[in-house]
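Because the structure is a prediction, the values reported are computed rather than measured.
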Amino acid sequence: MNRKLSIFALVAALLLVLLCGSVALAADDPLKVSMGLETNQFSEPKEITVSISVSNVGESDMPGPVTLYYPSGKQVEEFGSPTLSVGTSKNWSGKWKVTQAELDAGRITFKIKYSIYNDEGELVNKTKNFSKKIIYAGAAPELTVNRTIKPTTAQKDQEVTVTYELENTGTVEITGVTIKENSGISSKSGAVEKIAVGEKESYTFTTKMGKKDLTSAATISYKAGGKTYTQKVESATIKYGEVKLSATLTADKKGGAPGETVKLTLKLKNSGTVDFTNVTVTDENLGEVFTGVTVEAGKTETLEKDLTITETQDLQFTVIAEDVTGEPVETATGRVNVIATDPTQQIVLALETTADRSAVYEIPGNVRFTITVRNESAVDVSNIRIRAVDTVINTFDTIPAGESRTFTREMAISMPGIFQFSASCQDQLGQTLTFVSNSLQITLEQPTPEPTEAPIVTPPAPQYQSVPESYEELPASRKLPEWTDQVETIADQAKYILGGITALLFLLLLIGFIRRGIKKSQSNKAMDHLEGANYRDYGTQPKRNRRSVIQSGSDGKEPAAPEQELEENTSQDGELMAETLKRLYNEDGSETAAEEAPAAEEAQGEDPMDATVKAVSETLNASDAARRRRNG
């Protein structure tokens with residue numbers, strides 16, 4: 001008994017010593033640290049939010065800065081390096097991705113570094129680690145797969161879709177999902193990047209039916225918790241057959257901002273010989289679209305539906321009908337993708353048009369239009385085309401958000417009416433958007449006549465009536481003979497020919513008058529020489545072929561010469577006069593010595609007066625012959 005009491009006392013004393021030591025250590029450490037985690041249960045490595053608070057619970061201010069460090073050893077920059085005074089604290093909240101090693105260890109550990117004085121008064125550096133326990137449940141991935149085939153029976157070249165809906169029903173995120181379909185459906189594998197816990201993702205394969213059945217079968221692989229998992233989807237047959245009911249789905253645009261409307265058009269064609277009744281059209285997203293529709297044999301039924309855009313979605317209508325035997329017939333449309341665009345990127349343009357007149361007074365008439373284009377969007381709009389009906393009248397490369405552009409065009413309008421302009425551009429989906437301006441009425445009016453002055457009245461002129469002669473009026477339909485046109489043509493030509501002949505005759509007459517004047521002038525010169533013979537002194541031989549001095553015929557101072565000398569002088573005078581006349585009329589001086597010699601010899605044997613007359617006559621004849629030769 002005493003031994004047991006002794007052992008108990010010894011253990012109690014030891015515990016008391018340890019307690020006192022821990023109290024002393026606590027008293028020596030002035031910093032208190034607390035840490036909180038977003039969650040302490042983990043099935044895989046993931047990022048969480050960590051909150052840490054460091055307080056100075058000592059009796060004095062900290063002598064140096066306090067720094068915080070991640071479990072990786074990197075300093076937390078956002079915490080800084082505060083110097084904590086007594087009773088103050090520093091808080092920090094940030095992200096940390098829990099590692100697999102921390103999951104295996106079951107705790108997350110941060111640390112702080114600071115400086116304090118020891119019992120000897122020395123400043124020493126200390127490091128303090130602090131941890132938070134976590135619970136690692138282990139990776140428990142679970143992937144639920146749903147496959148949808150539309151249609152289950154298809155004819156040649158009809159579109160067939162195989163859609164896989166993947167849902168993460170486990171406790172760990174799934175990544176790197178790969179779907180490998182049968183080669184008859186697709187030769188390429190589908191891929192999904194990741195699926196969060198509780199989330200769904202889908203992937204669709206699209207193909208066309210050939211001339212035989214198609215088989216769908218898939219192998220799906222993914223990763224979770226650092227491991228790779230594989231899951232298979234059983235085979236399903238898509239039958240090949242002739243379907244008398246076909247369905248086609250179209251949309252009037254690719255998409256738009258949330259709140260805008262897209263018009264969907266469904267065409268149901270019955271190529272058989274019997275009616276299809278109780279036609280029901282459904283969609284995975286829209287639910288029941290049309291019901292109770294009948295498509296008669298050989299006809300096509302068109303159905304329309306306005307869809308308000310809320311989000312991006314793929315639409316594929318499933319059509320189920322009954323034939324006359326009550327057997328169900330199923331078909332499906334192709335997929336139509338409707339895209340919801342960012343509303344902040346929506347384009348809005350406003351057009352305002354004015355004209356310099358509201359009426360024209362003739363057609364075509366000129367009107368000057370002024371057009372203002374205002375960009376009311378939150379984004380810049382590029383490649384804007386302004387049109388008048390189908391004609392582009394101006395283009396703007398870009399109009400910044402909130403700005404406007406104005407231009408003027410003068411146009412010749414071909415008719416009165418209502419005039420309106422439009423602006424077109426493309427949105428982020430490549431669709432053409434059109435915005436119209438206000439309308440302007442242009443009318444055609446008659447011009448206002450100018451005021452006229454009062455007419456001046458004048459008395460009427462006397463009226464005379466003449467008695468027409470008797471004639472036969474030519475009927476308006478009667479035509480002249482064709483030969484009259486030919487006569488008129490010949491007369492016109494003859495007119496020009498006679499004019500030319502008249503001009504030529506006038507020219508020849510003018511030349512004749514000129515030649516007659518020249519001859520008359522030469523004849524006068526000859527007569528002057530002949531008449532001057534009674535007053536000239538031919539008794540002296542001319543010196544150097546010059547004329548003798550003229551002597552007065554009435555001066556009788558000189559003695560008379562003998563008769564023989566007079567005859568010789570007369571002969572010489574005749575020869576001299578002949579020579580003078582030759583020089584005067586023979587302008588080209590081309591008489592040869594052979595022509596002059598016989599004339600001189602013959603003159604010596606004749607009477608002096610006869611010789612003179614003969615010489616003059618020959619000279620005149622020779623001169624006339626020379627002129628004829630020159631005139632050719």
Side-chain angles (χ1 to χ4, degrees), residues 5-138 171-173 196-197 225:
L5 290 175
S6 299
I7 293 173
F8 178 76
L10 182 61
V11 171
L14 181 60
L15 290 175
L16 181 63
V17 170
L18 292 175
L19 180 61
C20 291
S22 62
V23 171
L25 289 174
D28 292 338
D29 191 352
L31 295 182
K32 180 181 178 181
V33 181
S34 61
M35 181 172 63
L37 304 178
E38 180 183 356
T39 179
N40 65 344
Q41 294 186 359
F42 298 89
S43 59
E44 62 177 344
K46 68 177 183 178
E47 188 176 72
I48 62 171
T49 300
V50 180
S51 300
I52 297 175
S53 178
V54 181
S55 304
N56 183 357
V57 295
E59 299 178 351
S60 61
D61 297 342
M62 295 297 297
V66 179
T67 54
L68 176 65
Y69 293 86
Y70 287 109
S72 61
K74 182 181 178 181
Q75 183 178 348
V76 180
E77 300 292 344
E78 295 85 357
F79 184 82
S81 301
T83 300
L84 300 177
S85 57
V86 176
T88 62
S89 62
K90 176 70 174 178
N91 299 322
W92 171 82
S93 180
K95 297 292 184 179
W96 171 250
K97 185 175 182 179
V98 180
T99 64
Q100 185 64 42
E102 290 172 327
L103 294 176
D104 295 338
R107 66 179 58 244
I108 300 174
T109 303
F110 282 74
K111 62 183 177 180
I112 58 173
K113 291 183 179 182
Y114 57 97
S115 300
I116 60 173
Y117 291 104
N118 59 15
D119 294 337
E120 287 77 16
E122 297 176 347
L123 186 65
V124 295
N125 297 325
K126 296 193 69 176
T127 299
K128 183 177 182 178
N129 296 323
F130 52 96
S131 304
K132 193 74 173 180
K133 289 184 178 181
I134 57 176
I135 299 173
Y136 177 44
T171 59
V172 60
E173 184 181 63
V197 176

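For the pair F79/N91, no side-chain contact is recorded, criterion being any heavy-atom separation below 4.5 Å from C-beta on. The shortest distance between side-chain heavy atoms of T39 and K46 falls below 4.5 Å. Contact check for F42 versus E102: no side-chain heavy atoms found under the 4.5 Å cut-off. For the pair M62 and P30, the minimum side-chain heavy-atom distance is below 4.5 Å. Residues V66 and S81 form no side-chain contact, since every pair of their non-hydrogen atoms from C-beta on lies 4.5 Å or further apart. The shortest side-chain heavy-atom distance between I112 and T67 does not fall under the 4.5 Å cut-off. By the 4.5 Å heavy-atom criterion applied to side chains, V50 and I108 are not counted as neighbours. Side-chain contact check for Q100 versus Y136: some heavy-atom pair is nearer than 4.5 Å.
There is a side-chain donor-acceptor pair under 3.5 Å between N125 and S115. Residues N129 and T109 have side chains that never bring a donor and an acceptor to within less than 3.5 angstrom of each other.
To the nearest 0.5 Å, the span separating CD1 on I116 from CG on D29 amounts to 6.0 Å. Rounded to the nearest 0.5 Å, atoms OG (S53) and CH2 (W92) are 12.5 Å apart. In this structure, CE in M35 is found 6.0 Å from OG in S131, a value given to the nearest 0.5 Å.
Geometric assessment of K113 against the ring of Y69 yields a positive cation-pi assignment under the 6.0 Å and 45° thresholds.
Atom NZ of K128 has more than 12 neighbouring heavy atoms from other residues, nucleotides or ligands inside a 6.0 Å radius. Annotation: K95, atom NZ; neighbour count of heavy atoms from other residues, nucleotides and ligands within 6.0 Å is above 12. For CD of E78, the number of neighbouring non-hydrogen atoms (other residues, nucleotides, ligands) closer than 6.0 Å is greater than 12.
Considering all non-hydrogen atoms of both residues, T171 and V197 come closest at C-CG2, 3.7 Å. Residues L37 and K133 approach most closely at CD1-O, 4.4 Å, considering heavy atoms. Among all heavy-atom pairs drawn from Y117 and P63, the shortest one is CE1-CB, 3.6 Å.
Taking the six-membered ring where the residue is Trp, F110 and Y70 present tilted rings, their angle falling between 30° and 60°.
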Inset, instruction - Given side-chain contact (heavy atoms from CB on, under 4.5 Å), test T49 with S93 step by step and report yes or no. - result: CA-CA 7 Å; T49 300; S93 180; 3.7 Å; yes
Inset, instruction - Test side-chain contact (heavy atoms from CB on, under 4.5 Å) on D61 and L84 and set out the steps. - result: CA-CA 6 Å; D61 297 342; L84 300 177; over 6 Å; no
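Side chain of E47 to main chain of K97: no donor-acceptor pair is present (N/O by atom type, distance under 3.5 Å, no hydrogens or angles).
Residue Y114 forms a side-chain contact (heavy atoms from CB on, under 4.5 Å) with just one option from N56, T83, L31, and that option is L31.
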